[in-house]
2 protein chains.
Amino acid sequence: MSESDEKVSAKDTEEVIMEATFRALSKHGYSELRMRDIGEEMELTRQVIHYHFDGKYDLMASFLEYIIDQYEGSVEVDGDADPRTELDARIDQCLFGPEFEEFSHWDRMKVYHELYTFAQNDETHREIFNDHYERIRGSIVEVVEEGMEQGTFREVDAERMGQLVTDIIHAARGRRMALGHEEAPEQARQSIDEFILDSLTLDEE
Amino acid sequence: MSESDEKVSAKDTEEVIMEATFRALSKHGYSELRMRDIGEEMELTRQVIHYHFDGKYDLMASFLEYIIDQYEGSVEVDGDADPRTELDARIDQCLFGPEFEEFSHWDRMKVYHELYTFAQNDETHREIFNDHYERIRGSIVEVVEEGMEQGTFREVDAERMGQLVTDIIHAARGRRMALGHEEAPEQARQSIDEFILDSLTLDEE
């Protein structure tokens, strides 16, 4: 290890590796990615990666959590907002994402969706995705239940509605990336309003 | 090429290669798949694959069309059925799939969804998926329009509803496979009924 490597703390090192992983993934895609591609994207020696991570899968699990943390950490909804406004904000966040400096929401979601598809072969990834799915769904269920308690939403199966909305968001993001339908998130947003939320809101009936 | 290889017609050969591809994919997954893995799953020599296909991507494009043809060829809806019954049958077909002898609907969908995720890097695959997406969506739009013409469905944006239902189906299949939610297709079916189709059908309001 060179002297410059030693100056970097463990936390910084992991971030350097994560950012290098992002650049390597953007170039090579997940299935073609090799540890040495990541090494080529950073100034530290490749041995640092092997020191911190036990192979590609281990690194990818950490990388997935890194993306999710950034994505979730940025949700901001005014606590005083009425349930419908809050629901709209949460759905928008999932569909259109927060803004980032280097890689965009879609760069991040591209990796997310690739790893999602492979989660069936990887118990650790599957667990991370399941946790994330539950948090997204839960955050929608919570607001729907709040609205029902306040009497602004009609009585529905909140769990099922949260699940449906989460599925629609996921499909629209996937369709934008896989099929190149740039307008998919906007279409999903309109469909959720027109077919699901408008009939939920009692005031608007 | 051995004598036995020559006896097989081009069409049969392609089917043999497709079935071998299925077996190889089930074992290795898409990202790890190598042409030689397919060769190991068939009795013909590996050169036959190279003779028929110009590399892995070309073979995968044909394989994708092979899966879609089998899947679509099996949709059977009674011509006299009312729009709601027809809509239900088409949605069920997409969600639960037809029955196959060797590989199940889910084995087929696993490959379909893996390739779908990679379609962003592959123009040929993207085109095949876009065509398929349009056919599925179109088949739903068609029945919704039929129901509106007959006066059994309320007036809606049929295009958008077709798209929404197609997205929900896709997400539920993906969730079953990626996250292991065995119940996802059944949940999607119930959500489509409860939140979308029941309010579409005027008789039931």
Side-chain angles (χ1 to χ4, degrees), chain A residues 28-33 106 110 112-123 125-134 156-157 159-181 183-184 187-188 190-200, chain B residues 28-33 106 110 113-123 125-134 137 156-157 159-181 183-184 187-188 190-200:
Chain A
H28 305 279
Y30 173 67
S31 65
E32 306 290 331
L33 189 74
W106 295 108
K110 184 181 164 177
Y112 183 95
H113 279 248
E114 274 198 24
L115 293 176
Y116 182 89
T117 302
F118 283 110
Q120 56 195 319
N121 309 316
D122 187 307
E123 268 309 312
H125 288 191
R126 181 177 270 194
E127 216 170 284
I128 297 169
F129 277 114
N130 263 309
D131 285 350
H132 189 226
Y133 177 83
E134 276 313 313
V156 293
D157 183 333
E159 292 286 331
R160 184 169 297 156
M161 183 172 273
Q163 191 170 64
L164 179 65
V165 171
T166 310
D167 279 358
I168 295 169
I169 289 167
H170 191 94
R173 285 195 317 225
R175 188 155 62 82
R176 182 189 191 276
M177 293 183 286
L179 304 187
H181 296 183
E183 69 288 3
Q187 290 168 338
Q190 290 178 12
S191 294
I192 289 172
D193 284 346
E194 187 175 332
F195 297 117
I196 300 169
L197 297 190
D198 288 353
S199 74
L200 179 68
Chain B
H28 306 279
Y30 174 68
S31 65
E32 306 290 331
L33 189 73
W106 295 107
K110 182 180 167 181
H113 279 249
E114 273 198 26
L115 294 176
Y116 182 89
T117 302
F118 284 111
Q120 55 195 319
N121 308 317
D122 187 308
E123 268 311 311
H125 288 191
R126 182 177 269 195
E127 217 170 283
I128 297 169
F129 277 115
N130 263 309
D131 286 350
H132 189 224
Y133 177 82
E134 276 313 313
R137 192 181 69 100
V156 293
D157 184 333
E159 293 286 332
R160 183 169 296 154
M161 183 171 274
Q163 192 171 63
L164 179 66
V165 171
T166 311
D167 280 358
I168 295 168
I169 289 167
H170 192 94
R173 284 196 316 227
R175 188 155 62 82
R176 182 188 191 276
M177 293 183 287
L179 304 187
H181 297 181
E183 68 291 3
Q187 289 168 338
Q190 289 178 11
S191 293
I192 290 172
D193 284 345
E194 186 174 332
F195 296 117
I196 300 171
L197 297 190
D198 288 353
S199 74
L200 179 69

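Letters A, B, ... mirror the listed sequences (proteins, then strands); counts begin at 1.
Side-chain N/O atoms of A:Tyr112 and A:His132 include a donor and acceptor closer than 3.5 Å.
Considering all non-hydrogen atoms of both residues, A:Arg126 and A:Ala119 come closest at CB-O, 3.6 Å. The minimum heavy-atom distance between B:Ile168 and B:Ala188, with the atom names listed, is CG2-CB, 4.0 Å.
B:Glu127 meets the side chain to side chain contact (heavy atoms under 4.5 Å, CB included) test with no other residue; sequence neighbours excluded. For B:Arg173, there are no salt bridge (charged side-chain N to carboxylate O under 4.0 Å, His left out) partners two or more places apart in sequence or in a different chain.
With respect to chain A, the highest number of heavy-atom pairs below 4.5 Å among B:Glu114, B:His125, B:His170 belongs to B:Glu114. Ranked by heavy-atom pairs under 4.5 Å with chain A, the first of B:Lys110, B:Arg160, B:Met161, B:His181 is B:Arg160. Contacts with chain B were tallied for A:Phe129, A:Phe118, A:Tyr116; A:Tyr116 has the most, counting heavy-atom pairs under 4.5 Å. When each of A:Thr117, A:Asp122, A:Leu179 is scored by its heavy-atom pairs under 4.5 Å with chain B, the top score falls to A:Leu179. Of the residues considered (B:Gln120, B:His113, B:Gln187, B:Gln190), B:Gln120 shows the highest number of contacts with chain A, using heavy-atom pairs under 4.5 Å.
Residues B:Tyr133 and B:Gln163 meet the side-chain proximity criterion, which asks for heavy atoms closer than 4.5 Å.
Contacts between A:Asp157 and chain B at a heavy-atom distance below 4.5 Å involve backbone atoms as well as side-chain atoms. Contacts of A:Asn130 with chain B are made by both backbone and side-chain atoms, with heavy-atom separations under 4.5 Å.
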